A.B. asks: 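One structure, pasted below without further comment.
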Number of protein chains: 2
Amino acid sequence: MTEERGSPGTARPGGRTAKTRAAVLAATFEALGERGYAELTMDRIAGRSGVHAATIYRRWGTVESIVADLFLDRSTRIPVPDTGSLAGDLRALARGIAAFYADRGHRALIEGAVVAAARRPDLAAVLGEFFEERRRETARIVHRAVERGESAADTDADEVMGALGAPFYYRLLIARRPIDAAFADSVAAATHAATLAGAYVLAAPAASDASTDDEPEPS
Amino acid sequence: MTEERGSPGTARPGGRTAKTRAAVLAATFEALGERGYAELTMDRIAGRSGVHAATIYRRWGTVESIVADLFLDRSTRIPVPDTGSLAGDLRALARGIAAFYADRGHRALIEGAVVAAARRPDLAAVLGEFFEERRRETARIVHRAVERGESAADTDADEVMGALGAPFYYRLLIARRPIDAAFADSVAAATHAATLAGAYVLAAPAASDASTDDEPEPS
């Protein structure tokens, strides 16, 4: 699927391929916002985008591939804040996530991305890597807090950022309840308290695997 | 779909219908454990269960419906602990969730349940209600902590239980990384610290909606 996009002459910025991609992704996002993931079909995307269904099939193959492409395209738009304090940064980031998912299209999009991952192991890997990269980017918040002495040096920044994001995805995909700024603030306060309490610490390099119970416990 | 199961004579315990259901659910769970959700098909379920595909189609209609049914059937098996302390209960419950999802079949099952919810609003409602009921059940942990004076009286037990579960679903569905007892202990410690820090408090009855910014803030 990517070889067509990656080959020279077909993917030049502003060229016909880039315009086709932009039209298809925009149409998909609009369709998701209006009718949700359950009613997203190739025909609907073709009709809205004005791109021939045959062209879409050739390039993406399935609705899942389009959704995965769109997800990667849009999810980088949540900014990484720098307010001067860990509490402020966590709160601003949580509010950014809440604002992102206030859009029905984005809610349908993450749902579609998880469906794509469930059906296609290759897309599952792409999704996992995207979120890993996203946690790495936002982990700067924690590194700065460590530099300022707000947080312990052995804080696991990846775990902190996972903890900040997790409650949003639980709400969206599992509990299926709305997200608002009050929820974002509660998530940020919880992540801050848990970080300061030492709940997210890097494992010591030589530590044994805590998932096994056959090691003697120090006591 | 449920009218057939609910009508008298077809759903009597131990009867043919109950045996068919048990065979189909067991076959689905085995297939999920072996090959994951991506390769789950009606034909595979029929072949494994020894139940005619036509019978399965008539009763469930789609793979999604079978997955939703199986999910509700199995997910009630995570016990609600009573260790005598909030920290101990949270840790035991988190370890119970981790043990449940150590089984590949259960990991494929929650993924399949989210797919079912994305494609079928009726199944989304069933999933949301199931987790609400599950949080209500496990909230006893928090109510007992309040009675013991470990936790403030205005602790939002529903939010605490959501916070305990969320990181597991984030790992499974989004980050797509393994879950072990060390992770469970970290989640339990984080939830405990955040609860004691007051991150999960019930909204005051007369408070204005914090999601709107057009209300004057008391200060």
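Remember, it's a predicted structure, so these values are computed and weren't measured experimentally. Lettering of chains follows the sequences in order, A, B, ..., and the numbering in each one begins at 1.
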A.B. asks: Do B:Leu173 and A:Leu127 come within less than 4.5 Å of each other through their side chains, counting heavy atoms only?
C.D. replies: no

A.B. asks: Quick one: which of A:Gly198, A:Ala190, A:Ala194 has the most heavy-atom pairs under 4.5 Å with chain B, could you say?
C.D. replies: A:Ala190

A.B. asks: Taking B:Glu159 first and then A:Arg171, would you say they form a salt bridge - that is, a charged N and a carboxylate O separated by under 4.0 Å?
C.D. replies: yes

A.B. asks: Pick one of side chain, backbone, both or neither for A:Ala118, based on which atoms fall under 4.5 Å of a heavy atom in chain B.
C.D. replies: both

A.B. asks: Heavy-atom distances under 4.5 Å only: say whether A:Leu40 touches chain B with side chain, backbone, both or neither.
C.D. replies: neither

A.B. asks: Please classify the contact between B:Phe183 and chain A as side chain, backbone, both or neither, with a heavy-atom cut-off of under 4.5 Å.
C.D. replies: side chain

A.B. asks: Side chain, backbone, both or neither: which part of B:Ala124 has an atom under 4.5 Å from a heavy atom of chain A?
C.D. replies: both

A.B. asks: Kindly give the heavy-atom pair with the smallest separation between A:Ala38 and B:Arg119, and that separation in Å.
C.D. replies: CB-O, 3.4 Å

A.B. asks: Heavy-atom pairs under 4.5 Å with chain A - which of B:Arg134, B:Arg135, B:Glu132 has more of them than the others?
C.D. replies: B:Arg135

A.B. asks: Heavy-atom pairs under 4.5 Å with chain B - which of A:Ala108, A:Ala175, A:Pro167 has more of them than the others?
C.D. replies: A:Ala175

A.B. asks: Closer than 3.5 angstrom, by distance alone: can the side chain of A:Ser186 be matched with the main-chain N or O of B:Tyr200 as a donor-acceptor pair?
C.D. replies: no

A.B. asks: When heavy-atom pairs shorter than 4.5 Å are enumerated against chain A, which of B:Ile174, B:Val115, B:Val187, B:Leu196 gives the highest number?
C.D. replies: B:Ile174

A.B. asks: Could you check whether the rings of B:Tyr169 and A:Tyr170 sit parallel, tilted or perpendicular, using 30° and 60° as the cut-offs?
C.D. replies: tilted

A.B. asks: Which atoms of B:Arg177 come close to chain A, meaning under 4.5 Å heavy atom to heavy atom: side chain ones, backbone ones, both, or neither?
C.D. replies: side chain

